[in-house]
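Everything on this sheet refers to the single structure shown next.
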Amino acid sequence: MQSNAVLATLQPNYNILSPSRFYSSSASAAATFLPVFYPQRTRFSAPQYLKLDRQVLASASGRYVHEVKSPFKNAAVLSDSYSSEASELADIEWDNLGFGLLPTDYMYMMKCSQGGNFSKGELQRFGNIELNPSAGVLNYGQGLFEGLKAYRKEDGNILLFRPEENALRMRQGAERMCMSAPTVDQFVEAVKETVLANKRWVPPPGKGSLYIRPLLMGSGAVLGLAPAPEYTFLIYVSPVGNYFKEGVAPINLIVEHELHRATPGGTGGVKTIGNYAAVLKAQSAAKAKGYSDVLYLDCVHKKYLEEVSSCNIFVVKGNVISTPAIKGTILPGITRKSIIDVARSQGFQVEERFVPVDELLDADEVFCTGTAVVVSPVGSITYKGKRVPYGVDGFGAVAQQLYSVLTRLQMGLIDDKMNWTVELS
């Protein structure tokens, strides 16, 4: 009776029932497999799980999660803290991580009305979300996203890299898109909670990182063109390796002449979802021809560098590193900003200015920066049918130096004199 009363208060979530995450321990158990029940919303302080008789709840690795005795008849309750799941790493092939989604354990969600303030959010099991067909994000593209990473240190602690910068950039984007946004503190705390809840998915040192994807979307229903009446802030995470299939090997770019990523007065300077859909046609055509990605020019003069599909671009000549100035059509990348500061601290002269495409022809090195790629050397750029190669079998000296300093800082291998990292234990 007591167990039945508990079950009556819980809601099933069938989205999580996939063979890779939950399965029975025997053929007989599989024959009577039942839905796993747990509270619809899981508080960060004490998530609870209920396990029915003759079921075994397993982690994605197939290792059984530690059970504790339950006061309920014919039921077992799992530990009321994340420690039972986060005590050991998920059993995946860490050496073969690509840049693709691996479903983890938890996501974070909070909502607010238009013009209102976000209240305290909650962690939920990772799974599908429900949206009205008339949601602002679906009909009018009212959505923003961010990207940042968490790294595991040798001592097991976890480092975040400049999460407050992502929070500030999302707030700036929200203002441009007429959206309500979380405060910086709300954003950072939500990131911390989500990472700690998925701690076992943070790769071992040197094996990759946990990619963190915060989303802000107009979830309220709106038929006429107007800001949505409700907004949802959501964070999910996934362990990742290198963004480009080449890994840290040089990538090959082609300059695009006809299609443009952004226009003056548009939204190219904010991380709105529509900016990325606009590059897919040119990017797909380039990849079909064997190129890694596309380098875009400005849409007015068609001669100044802007950025790659999802990366900022840098051109090296001697001791001078040049990168396109932020003028509203280029995303103010956080890795871009960090590389500029690191380069200056290493004695380089960094210029933020209009960079003519012709400067690529006699550059010593070219490299890209972004959260996903960190620093990616460019092996060649094809411009008007002419291929311009750079370097030989790897990073140029400047890109290598900057990559080494920044990644060692992100991973906690050198002192953080910049005060950029946030440590979680």
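Computation of the quantities below employed the complete heavy-atom set of this structure, encompassing side-chain atoms and omitting hydrogens, waters and symmetry-equivalent molecules. Just so it is clear, the structure is predicted and the values come from calculations on it, not from any experiment.
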Minimum heavy-atom distance between [X] and [Y], given as atom pair plus value:
X: Leu159; Y: Gln410; value: CD1-O, 3.5 Å
X: Ile334; Y: Arg169; value: N-NH1, 3.7 Å
X: Gly318; Y: Asp364; value: N-OD2, 2.7 Å
X: Gly173; Y: Leu144; value: C-CD1, 3.4 Å
X: Pro377; Y: Phe395; value: CD-CE2, 3.1 Å
X: Pro239; Y: Ile92; value: CG-CD1, 4.2 Å

Looking only at side-chain N and O atoms, does [Y] offer a donor or acceptor that is under 3.5 Å from a partner on [X]?
X: Ser219; Y: Thr232; value: yes
X: Glu230; Y: Gln114; value: no
X: Tyr291; Y: Gln283; value: no
X: Ser380; Y: Asn252; value: yes
X: Asn275; Y: Thr267; value: yes
X: Tyr296; Y: Glu306; value: no

Q. Which residues pass the side chain to side chain donor-acceptor pair (under 3.5 Å) test with Glu351, sequence neighbours left out?
A. Gln349, Arg353
At what distance, to the nearest 0.5 angstrom, does [atom1] of [X] lie from [atom2] of [Y]?
X: Arg200; Y: Arg152; atom1: CZ; atom2: CZ; answer: 11.5 Å
X: Phe161; Y: Met418; atom1: CZ; atom2: CE; answer: 9.0 Å
X: Ser292; Y: Lys287; atom1: OG; atom2: NZ; answer: 8.0 Å
X: Leu216; Y: Met110; atom1: CG; atom2: CE; answer: 9.0 Å
X: Ile158; Y: Thr421; atom1: CD1; atom2: OG1; answer: 13.0 Å
X: Arg336; Y: Asp341; atom1: CZ; atom2: CG; answer: 10.5 Å

Q: Give a yes or no on whether the backbone of Gly115 and the side-chain of Ser180 come within a donor-acceptor separation of less than 3.5 Å.
A: yes
Q. Glu93 side chain to Asn96 main-chain N or O, any donor-acceptor pair under 3.5 Å?
A. no
Q.
Centroid separation under 6.0 Å, is that true for the rings of Tyr390 and Phe367?
A.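 For Phe367 and Tyr390, the ring centres are not under 6.0 Å apart.
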Q: For residues His257 and Tyr383, establish whether the separation of their ring centroids is below 6.0 Å.
A: yes
Q: Evaluate the ring planes of Phe187 and Phe233, with Trp represented by its six-membered ring, and classify them as parallel (under 30°), tilted (30 to 60°) or perpendicular (over 60°).
A: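 If you compare the ring of Phe187 with that of Phe233, the planes turn out tilted.
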Q: Could you tell me whether Lys207 and Asp95 make a salt bridge, using a distance below 4.0 angstrom between a side-chain N and a carboxylate O?
A: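 Judged by the 4.0 Å cut-off on N to carboxylate O distance, Lys207 and Asp95 do form a salt bridge.
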Q. Is a salt bridge present between Glu359 and Lys317, judged by a nitrogen-to-oxygen distance below 4.0 Å?
A.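 Judged by the 4.0 Å cut-off on N to carboxylate O distance, Glu359 and Lys317 do not form a salt bridge.
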Under 3.5 Å, side-chain donor or acceptor atoms of residues 308-315 against the rest of the protein: list the pairs with distances, not counting sequence neighbours.
unit_1 : atom_1 : unit_2 : atom_2 : d
Ser309 : OG     : Asp293 : OD1    : 2.6
Ser310 : OG     : Tyr243 : OH     : 3.4
Asn312 : ND2    : Leu331 : O      : 3.2

